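In what follows, a structure is listed as structure tokens, so that the remarks can point back to it.
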Amino acid sequence: MASARDEQLERPDRPEASAWHALPAEDVLGSFAAARSGLSSEEARRRLAEHGPNSLPEPATRHPLLRFLAQFDNALIYFLLAAAAAAVAIGHHVDAAVIVAVVLINALVGFVQEGRAEEALAAIRQMISPQATVLREGRRRAVPVHELVPGDMALLEAGDRVPADLRLVRARGLLVDEAALTGESVAAEKDERPVEAGAALGDRRCMVYSGTLVLAGQGSGVVAATGSATEIGHISRLIGSVQQLTTPLLRQIDHFATRFTWVALVGSALLFAFAVLLRGYHWSEALMAVVAVSVGLIPEGLPAVITITLAVGVRRMAARNAVVRRLPAVETLGATSVICSDKTGTLTRNEMTARQVVTPAGRLEAAGSGYAPEGGLAEEGGGSVAASLPLLQSCVLCNDAELHEQAGQWSVNGDPMEGALVALAMKAGLDPAALRRGWPRLDEIPFDAQHRFMATLHQGPDGEIAIFVKGAPERLLAMAARQAGPDGGEQPVDHRFWTEAIASAAAEGERVLGFAAGRLDKAPERLAFGDLDGSLVFLGIVGFIDPPRDEALAAIAECRSAGIDVKMITGDHGATAGAIARQLGLAEAPEVVTGSALDGLGEQDLRALAKRAAVFARTSPEHKLRIVQALQQEGQVVAMTGDGVNDAPSLKQADVGVAMGRKGTEAAKEAAEMVLLDDNFASIVAAVHEGRTVYDNIQKVIAWTLPTNGGEALAVIAAILFGFTMPMTAAQILWINLVTAVTLGLALAFEPAEAGVMARPPRRAGDPLLSPFLLWRVVLVSLLFTGAALGVFFHAQSRGYDLEMARTLVVNTLVVLEIFYLFSVRYLNMTSITLKGMLGTRSVLVALTVVILAQLGFTYLPVMHALFDSRPVAIGDGLMILALGVALLLVLEAEKAVLRRAGVIGRRGGRVVSTAPAP
Ligand code: ATP
């Protein structure tokens with residue numbers, strides 16, 4: 001197994017690094033002056049100052065100059081630069097300079113905005129920077145991975161990325177995927193025994209290395225190397241690369257731009273030939289005309305504005321606790337038609353309180369709320385604390401959570417349900433710390449969503465060896481041989497009694513957990529599944545309440561109006577899941593399907609069931625994967641939540657994988673497109689809302705940009721075809737494009753959501769960006785622009801104005817029309833003539849101010865007269881142009897009204913994208 005990397009270990013400058021795996025764990029702890037209970041915070045701070053942060057050098061970002069040059073690497077820009085060269089060749093230096101200036105300004109705006117977008121994305125990524133669990137002062141603490149120091153005691157569980165190089169001091173069923181380091185695809189089994197000094201990296205079973213992934217089990221280890229001193233640091237292979245600012249939509253637009261450029265090129269050549277051969281233009285004059293057409297046609301600002309629109313969306317999602325890890329998710333979110341969500345913590349608050357204990361002797365009812373061990377227990381139906389003692393003890397012993405009190409506030413460190421069990425035991429008067437001291441834990445089988453229980457092995461105060469088990473009650477009942485008798489003895493398991501007790505608690509929405517215990521003659525070295533068979537005594541059940549999140553209730557209602565199906569997929573009991581689903585308004589009488597019912601189904605049946613049912617209970621991660629696939633085969637766009645290491649496949653399979661930021665494992669976060677900072681279902685719906693808004697805004701940007709280009713180009717083409725003087729020069733056309741695209745166009749990137757954005761069905765995944773309706777709108781507005789521009793041009797000439805003045809009026813007309821059209825486009829299919837619509841937003845007003853100032857400059861500044869051949873416009877003419885703008889707005893409003901009445905655009909707040917009737 002020796003490899004080049006192993007040889008590196010033998011390098012003389014790292015003599016110490018190869019030694020840890022050959023030493024007993026205690027010696028390694030000694031070498032680091034560390035203890036199994038971890039370092040003190042003080043000492044950790046000191047070591048952090050000495051060794052530096054546990055991080056690798058940032059991956060190199062592109063040099064700013066390269067990033068700037070990349071702005072020019074675009075077919076549209078090549079074309080413009082070619083046009084500038086043509087202008088120089090025929091002595092039109094001013095035109096050439098203007099073209100170059102436009103290209104430069106465009107590149108600069110793109111460079112600055114893209115840089116800001118990348119910075120914002122990097123800052124957003126920081127929001128989900130990984131955490132590690134360590135022991136400090138003997139207590140579990142979550143700390144940022146970069147704060148780990150040599151000697152720290154780090155804890156590992158399934159789904160964790162190993163945060164540093166660790167010498168294991170304890171390993172239980174620990175399986176690690178080391179492919180990131182060794183390329184070995186088979187998971188490595190780990191334990192704490194030392195190996196030979198000469199063992200190759202992949203054979204050092206007592207070491208785990210930074211960047212590898214824990215697939216199963218639990219363990220703890222002392223940090224032996226951090227940052228660049230780790231193995232991954234030495235081979236300087238960086239995990240995670242710089243995210244590119246690109247999405248399928250952007251690529252589609254780039255592709256479109258390239259094709260468009262070729263069409264423009266061929267069209268220009270034909271137009272050139274037509275002008276010279278049939279219209280008798282001088283070739284240089286024809287060339288300038290053709291340059292004018294092509295610069296008019298090219299939407300050079302579009303790609304930058306769309307990138308910015310996406311980045312704005314990502315920022316808005318982050319502000320609503322949904323962190324997008326991969327940009328394409330922003331688009332996909334807007335098309336989401338089904339959201340499959342976990343229950344615990346996502347739809348419910350994950351603030352557990354144990355409500356009742358049921359033992360064969362009777363019931364105990366717990367008062368109080370939260371984790372405060374106050375409120376006491378009421379004894380009912382023969383139940384008593386004394387009779388429930390074995391169960392209450394296992395609540396504490398088969399448990400990894402701790403409760404803390406600070407300023408009267410109780411909080412849990414660890415699993416909330418386990419925290420609630422500690423609080424329950426304290427309400428019964430037990431002292432968890434004393435109990436744990438008296439019953440030291442020898443070994444355990446950690447909880448796993450697959451087998452749904454956890455077991456611990458203890459030595460009691462009298463030397464007795466005991467096993468405590470807690471888990472899904474039906475699972476424990478299946479394993480138990482007997483049940484505890486009311487008088488302390490044992491009796492046969494009363495399955496009917498328990499089935500009824502579980503059903504009645506679950507019907508209230510309570511989460512039910514079962515408890516069992518067993519005795520062994522002597523302690524095995526390792527607790528194995530076999531030790532549980534046949535020897536367990538069922539002790540009873542505990543029912544917890546975990547109230548639904550209020551926001552989830554509202555979010556589910558929002559999904560309903562937005563035509564999005566919500567499905568609950570949970571590991572919990574069917575009856576509990578059904579009751580919570582009812583409380584959440586997921587369905588009146590939700591159909592609850594259990595995981596085992598899915599097992600035997602064929603593909604067709606599974607598809608039908610996945611579509612129909614709202615609640616899936618007692619599911620395993622494999623079931624999640626099958627449900628996503630079935631829904632996708634039904635043509636749905638699926639968002640799926642997950643948190644465990646085994647959820648990674650379904651998160652990857654889903655169109656939008658959503659990981660929990662708080663309770664999710666690193667493995668789940670890395671597989672997901674999006675991470676929820678607050679684990680809250682409502683944040684998914686907020687992200688869908690933003691996703692739809694982004695898509696709408698991109699459509700608005702396009703619907704606004706294209707008619708400008710179309711109007712300008714058509715006016716010039718008409719001049720060539722019909723043989724009249726060009727209504728604008730190439731430089732003037734570029735002026736219009738520049739001054740409007742980086743102001744008005746950009747303002748659309750920041751548009752807030754339209755009122756009906758969540759009142760229409762989701763966009764179909766395959767729908768083209770330009771729907772027939774949008775295409776019609778682009779053509780109509782282009783023609784209106786052309787008509788107005790030519791109308792003004794001829795009107796000015798008929799009044800005896802010179803060519804320069806007529807052209808200045810045309811330029812002003814197009815800019816004013818753009819402004820009024822902007823107000824129309826802000827509401828694609830609702831009326832724009834409302835107070836809110838007219839007031840605009842801050843971005844719109846800023847853009848408007850800039851455009852108006854620029855346009856006044858263009859019209860009245862002498863330097864502009866020299867550069868662009870513009871002339872000062874009289875008040876009366878200015879008013880006429882404004883009147884044209886108002887007329888355009890009114891015409892488009894009339895068009896919207898007619899189309900709305902005809903049902904072409906949405907009645908319920910409106911579908912923008914499709915002309916098809918809503919289902
Ligand atoms: P969701 O999938 O909606 O988050 P869940 O938390 O109930 O729901 P899992 O974590 O897969 O899903 O748990 C499945 C079942 O396993 C639970 O209903 C419970 O019976 C049992 N269980 C959960 N956590 C533990 C634990 N720490 N120890 C023992 N059993 C547990």
Side-chain angles (χ1 to χ4, degrees), residues 157-159 218 339-352 354 394-401 412 414-422 444-456 467-479 502 505-506 509-516 532 539 541-546 548-549 552 566-581 584 586 592 594-596 615-624 627 640-647 650-651 658-660 662-665 668 676 679-681:
E157 56 185 39
Q218 277 186 339
I339 303 178
C340 297
S341 173
D342 280 352
K343 172 177 70 69
T344 312
T346 317
L347 291 167
T348 66
R349 293 195 208 147
N350 207 9
E351 288 163 10
M352 304 257 180
S394 39
C395 283
V396 174
L397 295 172
C398 187
N399 193 321
D400 291 320
V412 58
D415 178 15
M417 184 176 71
E418 295 196 339
L421 287 173
V422 178
E444 76 256 310
I445 298 175
F447 171 73
D448 181 320
Q450 205 82 37
H451 52 248
R452 296 199 189 97
F453 68 82
M454 152 179 185
T456 53
I467 302 174
F468 296 107
V469 191
K470 76 175 195 302
E474 67 273 20
R475 186 80 174 75
L476 264 57
L477 281 166
M479 291 195 291
I502 294 165
E510 282 184 14
R511 181 183 171 97
V512 186
L513 202 64
F515 289 83
L532 309 179
L539 300 175
I541 57 174
V542 173
F544 303 80
I545 49 164
D546 176 18
R549 287 177 181 261
V566 179
K567 302 195 183 288
M568 177 196 282
I569 306 185
T570 175
D572 212 339
H573 192 278
T576 309
I580 298 280
L584 282 165
L586 208 59
V592 180
T594 57
S596 49
V615 180
F616 298 85
R618 289 292 191 231
T619 52
S620 68
E622 291 76 56
H623 293 131
K624 279 189 173 184
I627 293 169
M640 162 75 85
T641 67
D643 47 22
V645 59
N646 299 328
D647 287 336
S650 48
L651 290 175
V658 183
M660 300 300 136
R662 289 196 189 156
K663 71 168 191 169
T665 57
L676 299 182
D679 293 9
N680 190 343
F681 178 79

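In this text the structure is predicted, and so the values were computed from the model without any measurement. In listed order, ligands and their atoms are each counted from 1.
- R452 CZ to D572 CG: the interatomic distance, rounded to the nearest 0.5 Å, is 9.5 Å.
- For atom 19 (C) of ligand 1, the nearest non-hydrogen atom of the protein is L513 CD1, 3.7 Å.
- In terms of polar-atom proximity, defined here as any N/O pair under 3.5 Å, P473 makes no such contact with ligand 1.
- Listed by number with element, the atoms of ligand 1 under 4.0 Å from a non-hydrogen atom of D342 are 3 (O).
- Neither the backbone nor the side chain of T346 has any atom closer than 4.0 Å to an atom of ligand 1 (non-hydrogen atoms only).
- Checked by atom type and distance alone, the side chain of N399 pairs as donor or acceptor with a backbone atom of A401 at under 3.5 Å.
- Contacts with ligand 1 closer than 4.0 Å are made by no heavy atom of Q450, backbone or side chain.
- To the nearest 0.5 Å, the span separating CZ on F616 from CE on M568 amounts to 12.0 Å.
- Every atom of ligand 1 with a heavy atom of E418 under 4.0 Å away is listed here by number and element: 27 (N).
- Within ligand 1, counting atoms from 1 as listed, the ones closer than 4.0 Å to a heavy atom of K343 are 1 (P), 3 (O).
- With respect to atom 7 (O) of ligand 1, the closest heavy atom belonging to the protein is R511 NH1, 2.8 Å.
- Side-chain polar atoms of T348 and R511 form no donor-acceptor pair below 3.5 angstrom.
- Taking all atoms of both residues into account, the shortest heavy-atom contact from L584 to A552 is CD2-CB, 3.9 Å.
- Between D643 and ligand 1, not a single N/O pair is under 3.5 Å apart.
- Ranking the protein heavy atoms by distance from atom 2 (O) of ligand 1 puts G571 N, 3.0 Å first.
- Separating the CE atom in M352 from the CD1 atom in I545 is a distance of 10.5 Å, to the nearest 0.5 Å.
- Distance check: T641 OG1 to M660 CE gives 4.0 Å after rounding to the nearest 0.5 Å.
- With a heavy-atom cut-off of 4.0 Å, T619 does not touch ligand 1 at all.
- Here the shortest heavy-atom pairing between L651 and A668 reads CD1-O, 3.5 Å.
- Atoms CZ and NE2, on R618 and H623 in that order, are 12.5 Å from each other to the nearest 0.5 Å.
- Close N/O approach between T570 and ligand 1 is found [any backbone or side-chain N/O within under 3.5 Å].
- In terms of protein heavy-atom proximity, atom 18 (O) of ligand 1 is nearest to R618 NH1, 3.0 Å.
- Using a non-hydrogen distance threshold of 4.0 Å, K663 registers as a contact of ligand 1.
- Closest non-hydrogen pair, G345 versus D546, comes out as N-OD2, 4.4 Å.
- Between D679 and R549 there is no salt bridge, since no side-chain nitrogen of the basic residue lies less than 4.0 Å from a carboxylate oxygen of the acidic one.
- Of all protein heavy atoms, the one lying nearest to atom 29 (C) of ligand 1 is K470 O, 3.3 Å.
- In terms of protein heavy-atom proximity, atom 11 (O) of ligand 1 is closest to A449 CB, 3.7 Å.
- Within ligand 1, the atoms closer than 4.0 Å to a non-hydrogen atom of D415 are 27 (N), numbered from 1 in the order shown.
- Within the 4.0 Å heavy-atom criterion, neither part of K624 lies near ligand 1.
- Considering only non-hydrogen protein atoms, atom 24 (N) of ligand 1 sits nearest to M417 CE, 3.4 Å.
- Looking only at heavy atoms of the protein, atom 22 (N) of ligand 1 is closest to F447 CE1, 3.2 Å.
- Closest approach of L476 to V469, counting heavy atoms only: CD2-O, 3.8 Å.
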